[in-house]
Novice: 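Sharing a structure, written as structure tokens. Questions coming.
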Amino acid sequence: SQQGEEDPQALSIQEGENATMNCSYKTSINNLQWYRQNSGRGLVHLILIRSNEREKHSGRLRVTLDTSKKSSSLLITASRAADTASYFCATVNNNDMRFGAGTRLTVKP
Amino acid sequence: DSGVTQTPKHLITATGQRVTLRCSPRSGDLSVYWYQQSLDQGLQFLIQYYNGEERAKGNILERFSAQQFPDLHSELNLSSLELGDSALYFCASSADSLAGVTQYFGPGTRLTVL
């Protein structure tokens with residue numbers, strides 16, 4: 001069963017715009033990770049944020065975590081057509097890792 | 001390229017059959033994870049091995065089994081296959097046993113059960 005729920009399920013934007021995806025979860029976590037998947041390919045790890053962290057940056061990616069609301073957001077700034085992919089959050093609680101259903105991002109050139 | 005290899009890339013078989021999927025982790029990684037991705041169930045964690053021993057179990061059916069060999073490669077065995085087993089099967093590896101570390105995913109094996 002899945003723990004994280006991404007919102008929205010699908011997002012379509014123009015190149016250069018920012019994209020924000022949200023992830024909500026139900027139980028306590030040790031950390032939360034974001035992964036990207038190009039169609040039919042394996043997942044690629046983007047960023048990990050620990051439960052005691054509130055914000056993390058990596059290049060054009062910004063991740064926030066609000067443990068009181070049990071939610072996280074992934075912001076991709078200045079999006080590019082190459083960012084078109086599905087984005088998944090994964091919650092880690094002890095030795096249990098659960099993925100959400102993903103957000104399908106389409107960036108139009 | 002993540003460094004994780006999976007074979008075969010595609011597999012087409014019939015209901016009731018048995019198949020074996022193979023995974024070689026990144027050099028130096030001791031943990032191997034198996035996932036199933038289907039349209040209706042999303043990405044499901046199946047099982048994790050660390051240095052040859054089972055470490056964590058997810059939504060793995062009794063018809064499925066896995067093992068990790070001394071050279072650290074892993075195999076996922078799927079038996080008495082059903083139509084609903086059609087999915088992408090991913091293997092991932094990580095350096096240690098904790099689920100919270102970065103996992104590196106292979107390209108997947110697409111299984112079609114007819």
Side-chain angles (χ1 to χ4, degrees), chain A residues 1-10 21 23-53 56 58 61 63 65 67 72 74 85-104, chain B residues 1-7 9-10 21 23-26 29 31-50 53-60 86-112:
Chain A
S1 62
Q2 292 165 343
Q3 147 94 302
E5 302 237 347
E6 283 92 340
D7 167 54
Q9 288 187 330
M21 289 159 269
C23 171
S24 59
Y25 56 93
K26 296 172 184 170
T27 66
S28 61
I29 61 171
N30 301 120
N31 67 65
L32 186 145
Q33 303 178 30
W34 285 91
Y35 284 80
R36 162 200 167 118
Q37 183 182 33
N38 287 77
S39 184
R41 310 284 293 272
L43 278 72
V44 175
H45 181 263
L46 295 176
I47 200 163
L48 181 155
I49 186 164
R50 302 189 191 285
S51 59
N52 61 353
E53 296 176 311
K56 214 161 179 183
S58 176
L61 306 181
V63 167
L65 179 64
T67 52
S72 173
L74 170 67
S86 291
Y87 292 82
F88 294 87
C89 69
T91 55
V92 179
N93 180 22
N94 295 323
N95 214 34
D96 185 25
M97 185 165 176
R98 304 278 179 101
F99 285 82
T103 291
R104 175 73 195 163
Chain B
D1 182 5
S2 66
V4 178
T5 60
Q6 288 187 249
T7 57
K9 284 188 180 176
H10 301 277
L21 313 183
C23 167
S24 292
R26 287 190 327 154
D29 282 358
S31 264
V32 169
Y33 310 79
W34 285 98
Y35 294 88
Q36 179 195 59
Q37 186 177 37
S38 60
L39 283 174
D40 54 345
Q41 295 286 327
L43 192 64
Q44 302 279 328
F45 166 65
L46 296 178
I47 197 164
Q48 177 200 358
Y49 278 82
Y50 176 76
E53 306 223 341
E54 183 183 304
R55 184 56 62 104
K57 221 166 185 174
N59 299 320
I60 188 165
S86 294
L88 263 172
Y89 290 84
F90 288 106
C91 163
S93 74
S94 67
D96 67 30
S97 64
L98 297 176
V101 299
T102 298
Q103 295 183 22
Y104 297 88
F105 280 74
T109 292
R110 182 173 293 281
L111 173 67
T112 302

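Convention: sequence-line order gives letters A, B, ...; per-chain numbering from 1.
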Novice: May I ask you to check whether over 12 heavy atoms, not counting those of A:Q9, lie within 6.0 Å of atom CD?
Specialist: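 No.
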
Novice: Would you say CZ of B:R26 has more than 12 non-hydrogen atoms from neighbouring residues, nucleotides or ligands within 6.0 angstrom?
Specialist: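 Yes - once you tally the heavy atoms of other residues, nucleotides and ligands closer than 6.0 Å, there are more than 12.
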
Novice: Search all heavy atoms of A:L43 against all heavy atoms of B:F105 and return the closest pair with its distance.
Specialist: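 Heavy atoms only, the tightest pair is O-CB, 3.2 Å.
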
Novice: Measure the spacing between CG of B:L88 and CZ of A:R41 and express it to the nearest 0.5 Å.
Specialist: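 Going from CG on B:L88 over to CZ on A:R41, the span is 11.5 Å.
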
Novice: Hey, which of B:Y35, B:Y33, B:F45, B:F90 is the one that makes ring pair (Phe, Tyr, Trp, His ring centres under 6.0 Å) with A:F99?
Specialist: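 So the option named by the test is B:Y35.
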
Novice: Test side-chain contact (heavy atoms from CB on, under 4.5 Å) on B:Q48 and A:M97; report intermediate values, then the result.
Specialist: CA-CA 10 Å; B:Q48 177 200 358; A:M97 185 165 176; over 6 Å; no

Novice: Using only heavy-atom distances, determine whether the side chains of B:Q37 and A:Q37 contain a donor-acceptor pair under 3.5 Å.
Specialist: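 Side-chain D/A pair, B:Q37 to A:Q37: present.
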
Novice: To the nearest 0.5 Å, what is the distance between NE2 (A:H45) and OG (B:S2)?
Specialist: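 The distance works out to 13.5 Å.
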
